[in-house]
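What follows is a set of notes on a single structure, which appears directly below.
These values consider heavy atoms only, across backbone and side chains, with no hydrogens, waters or symmetry-generated copies. Below, chain A is the first sequence line, B the second, and so on; all start at residue 1.
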Amino acid sequence: MSKVEVFQQQPSGAVAAESPFHFSRQRNPLAPAKGEAGVIMAERPFLTHLILRGTPEVLLGGVRNVTGLTLPQTPCSMNSKEDKSLQWLAPDEWLLILPPGSEFSTEKALRGELGDGSYAIVNVSGGQTVLELSGPNAREVLMKSTSCDLHPRTFPEGRGVSTVFAKTGAIIRRPDAQRWELVIRRSFADYLYRWLLSAGAEYGITTQER
Amino acid sequence: MFYIHCPYCNERRSEEEFHAKGQAHLMRPANPEEASDREWGDYLFFRDNPRGLHQEMWVHAAGCRKFFNILRNTVSYEILETYPMGEQSSVLAEMTAGRERGEPRRAAGAVA
Ligand SMILES: [Zn+2]
């Protein structure tokens with residue numbers, strides 16, 4: 001068992017949680033696109049985001065036991081299962097995304113499995129959020145905003161890269177053929193929201209609340 | 001726009017994801033207490049500024065955020081090789097070996 005103290009970072013009781021897009025939605029209430037929307041934008045708010053650092057040898061077994069996911073060791077790839085995903089960010093860094101509210105239990109379980117090995121787990125759930133884009137023109141909107149090659153030939157399903165997006169940084173991922181995901185910083189959420197509304201206007205863009 | 005091969009992502013990525021971080025393979029004096037002021041000053045402040053091949057550190061700032069080495073021609077801007085930290089340039093080693101074998105000096109631009 002690890003000696004690192006872990007505590008519940010989620011406030012308990014009736015504290016209203018607000019997504020990073022709270023004010024963006026109030027300021028830019030979006031009328032549904034006329035006719036067929038080319039791009040559908042939906043936030044996946046309040047998910048659990050954990051950064052795992054360490055060597056694959058240290059992390060692989062414990063991560064599989066706790067999450068059921070295999071640590072992807074191919075650069076720029078991700079493994080997903082249902083509502084969980086684990087993405088390669090660097091040779092010693094991975095991003096684990098899980099359903100909301102599982103930060104504390106997952107970190108405790110991981111530290112229990114990994115013991116006193118040399119690794120780091122950081123809860124970054126409050127610092128970033130996931131924006132999902134789908135629809136026939138989703139790729140076009142992304143292409144307007146990044147120099148990263150998004151052609152299906154070079155960007156197949158299961159690929160994820162950290163890159164330059166809309167003059168800031170974002171992680172672009174493709175969990176399946178229909179959807180694109182952006183993992184973005186909380187402090188850039190409003191800027192990127194308005195950027196995407198503007199970039200998607202020519203195709204008809206609509207937002208979906210879940 | 002051009003592409004740079006990141007040895008950690010193991011693929012070519014857009015130049016705007018990278019930043020230059022100065023001369024590579026600088027060796028810190030093994031015993032700083034025993035280094036003369038000249039040795040220490042050279043290590044801290046003085047850098048090569050060659051016209052031609054230069055070994056530099058770059059960082060994949062927007063991607064994997066790892067530092068790596070580049071062998072680059074400062075005249076043509078051609079990148080001859082990128083390789084991970086802790087390794088030596090194989091292109092430079094091959095050039096040196098070729099010169100020792102008495103082969104004619106290859107134009108730097110001819111190296112893929
Ligand atoms: Zn990289």
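Residues of residues 169-186 of chain A never come closer than 4.5 Å to chain B when only heavy atoms are counted. Contacts between residues 70-83 of chain A and chain B, counted as heavy-atom pairs separated by less than 4.5 Å, involve Pro75(A), Cys76(A). Heavy-atom neighbours of chain B within the stretch residues 158-165 of chain A, taken at a separation under 4.5 angstrom, comprise Arg159(A), Val161(A), Ser162(A), Thr163(A), Val164(A).
The neighbour count for Tyr77(B) OH, taken as heavy atoms of other residues, nucleotides or ligands under 6.0 Å away, does not exceed 12. At most 12 heavy atoms of other shown residues, nucleotides or ligands fall within 6.0 angstrom of atom CZ in Arg51(B). Enclosure of atom CZ in Arg65(B) is not indicated, since only 12 or fewer non-hydrogen atoms of other residues, nucleotides or ligands lie within 6.0 angstrom. Other residues, nucleotides and ligands contribute at most 12 non-hydrogen atoms within 6.0 Å of the CZ atom of Phe46(B). Counting heavy atoms of neighbouring residues, nucleotides and ligands inside a 6.0 Å radius, atom CZ of Arg47(B) exceeds 12 of them.
Shown here are the side-chain hydrogen bond (donor to acceptor under 3.5 Å, both in side chains) partners of Asn137(A), two or more places apart in sequence or in another chain: there are none.
The structure places CG of Asp149(A) at 6.0 Å from OH of Tyr3(B), a figure rounded to the nearest 0.5 Å. Taking OG of Ser147(A) as the start and CD of Glu16(B) as the end, the distance is 3.5 Å to the nearest 0.5 Å.
Residue with the most contacts toward chain A among Cys9(B), Cys6(B), Ser14(B): Cys9(B) (heavy-atom pairs, distance under 4.5 Å).
Using a 4.5 Å cut-off between heavy atoms, Glu11(B) contacts chain A through its side chain alone, with no backbone atom that close.
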